[in-house]
Amino acid sequence: MSELTPEEVKHHIKTYVLVFIALAFLTIVTVGISYLDLGHVGGIILALIVASIKGTLVACYFMHLLDEKVTIYWTLIATVVAFLILIFVPLSAMLDHARI
Amino acid sequence: MDIPYTVKNRPDTGLYNGKLGVWLFLASEVMLFGGLFSAYIFLRTGVDDWPAGTEYLDVPLATLNTLFLISSSVTMVMSWASLKLNDFKKYKLYTLITLLFAFGFLVIKYFEYSAKFAHNPPYLPSTNNFLGIYFTMTGLHVLHIIGGILVIGYFYGPGSKMWNSDPERFTNRIEIVGLYWHFVDLVWIFLFPVLYLL
């Protein structure tokens with residue numbers, strides 16, 4: 001993160017409080033969703049969407065990813081690609097089973 | 001021995017070395033937890049009947065723990081912001097609150113684990129695949145919490161002396177400890193619905 005003036009830091013602090021409120025609210029939403037009858041797949045997808053929104057808020061504001069340097073973005077792009085491969089390995093195995 | 005370090009951002013990376021180092025470490029952590037999430041998907045999709053988390057786990061306690069961790073995340077970033085505003089007293093206060101939330105998380109986890117072991121018959125990692133992956137993932141996460149407490153505790157106590165000799169370097173250290181702590185929070189944000197609610 002680049003050098004910040006005291007005014008900018010104070011502005012950031014207001015943002016942190018708003019993000020905290022949003023995270024607390026979304027935590028309650030996550031629990032609420034689990035009580036709804038959305039079907040198996042619907043429940044999983046909605047819960048993961050809410051978790052992804054919460055994760056994005058933490059990364060963008062608390063970890064200051066919005067203001068980061070391009071070196072970090074490239075590191076994270078490589079990480080996300082490798083992570084997605086890891087996640088899709090078991091899914092491809094599932095598809096193989098379905099074919100058999 | 002003094003390990004070479006940079007305080008100012010380097011012209012080539014645009015970052016100080018410690019920050020780039022921690023982001024690379026976090027990339028490896030994504031793969032560590034990613035492997036376990038992958039194993040979870042593999043186990044879950046491999047069977048027709050997978051228990052609901054609520055059959056074994058305590059959702060209200062885990063919800064409270066989620067609130068503890070997101071609260072600790074905001075106090076952690078506030079402690080860094082306090083240093084940026086040259087307010088060391090507030091830094092100490094926010095860091096102490098961060099540590100209290102972290103300990104609170106561990107205490108609740110202790111009660112959760114104790115209830116599993118005290119159940120008749122006991123719920124153990126060997127009981128079934130659900131509990132096996134639950135204990136593995138949350139256990140690894142707890143180890144990360146303990147590691148975070150040790151480092152944050154060091155910077156609350158003896159490590160905070162650096163504020164007097166080299167405040168900019170100390171502020172950088174708190175920023176990158178914060179990155180680690182937010183990552184631990186981020187992992188829990190996904191562990192909570194995946195294990196407890198789905």
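Values below: all heavy atoms of this structure, side chains included; hydrogens, waters and symmetry mates excluded. Naming: A, B, ... by sequence-line order, numbering from 1 per chain.
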Counting only heavy atoms closer than 4.5 Å, note whether [X] contacts chain A via side chain, backbone, both or neither.
X	answer
B/Val59	side chain
B/Leu43	neither
B/Thr66	side chain
B/Tyr40	neither
B/Ser82	neither
B/Ile189	both

Practice prompt. Give a yes or no answer on whether the side chain of B/Lys92 reaches the backbone of B/Tyr156 with a donor-acceptor pair at less than 3.5 Å.
Written response: yes
Worksheet item: Do the side chain of B/His182 and the main chain of A/Ala59 share a donor and acceptor less than 3.5 angstrom apart?
Response: no
Chain B heavy atoms under 4.5 Å from [X]: which part of the residue, side chain, backbone, both or neither?
X	answer
A/Val31	both
A/Thr5	neither
A/Leu65	side chain
A/Leu76	side chain

Discussion item. For a quick check under 3.5 Å, do B/Glu168 and B/Tyr16 share a side-chain donor-acceptor pair by atom type?
Written reply: no
Worksheet item: Does a side chain donor of either A/Lys54 or A/Thr27 reach within less than 3.5 Å of an acceptor in the other side chain?
Response: yes
Practice prompt. Please determine, among B/Ala62, B/Gly178, B/Ser71, B/Ala39, the option with the most heavy-atom pairs under 4.5 Å with chain A.
Written response: B/Ser71
Worksheet item: With respect to chain A, which residue among B/Leu20, B/Val187, B/Leu85 yields the maximal number of heavy-atom pairs within a distance under 4.5 Å?
Response: B/Leu85
Worksheet item: Under 6.0 Å from the CZ atom of B/Phe25, do we count more than 12 heavy atoms belonging to anything else shown?
Response: yes
Fill in: A/Phe62 CZ: over 12 foreign heavy atoms closer than 6.0 Å
yes
Worksheet item: In the hydrophobic clustering that connects Ile, Leu, Val, Met, Phe, Trp and Tyr at side-chain heavy-atom distances below 4.5 Å, which members other than B/Leu143 occupy its cluster, ordered by chain and number?
Response: none
Item to complete: Give the cluster check for B/Val74 versus A/Ile28: same hydrophobic cluster or not, with ILVMFWY residues linked at side-chain heavy-atom distances below 4.5 Å.
Response: no
Fill in: Any pair counted as side-chain hydrogen bond (donor to acceptor under 3.5 Å, both in side chains), so long as it reaches residues 45-57 of chain B, sequence neighbours left out
B/Tyr56-B/Asn128
Worksheet item: If you count heavy-atom pairs under 4.5 Å with chain B, which of A/Val70, A/Ile44, A/Thr30, A/Thr75 comes out on top?
Response: A/Ile44
Item to complete: Identify which of A/Val17, A/Leu48, A/Ile13, A/Ile72 forms the greatest number of heavy-atom pairs closer than 4.5 Å to chain B.
Response: A/Ile72
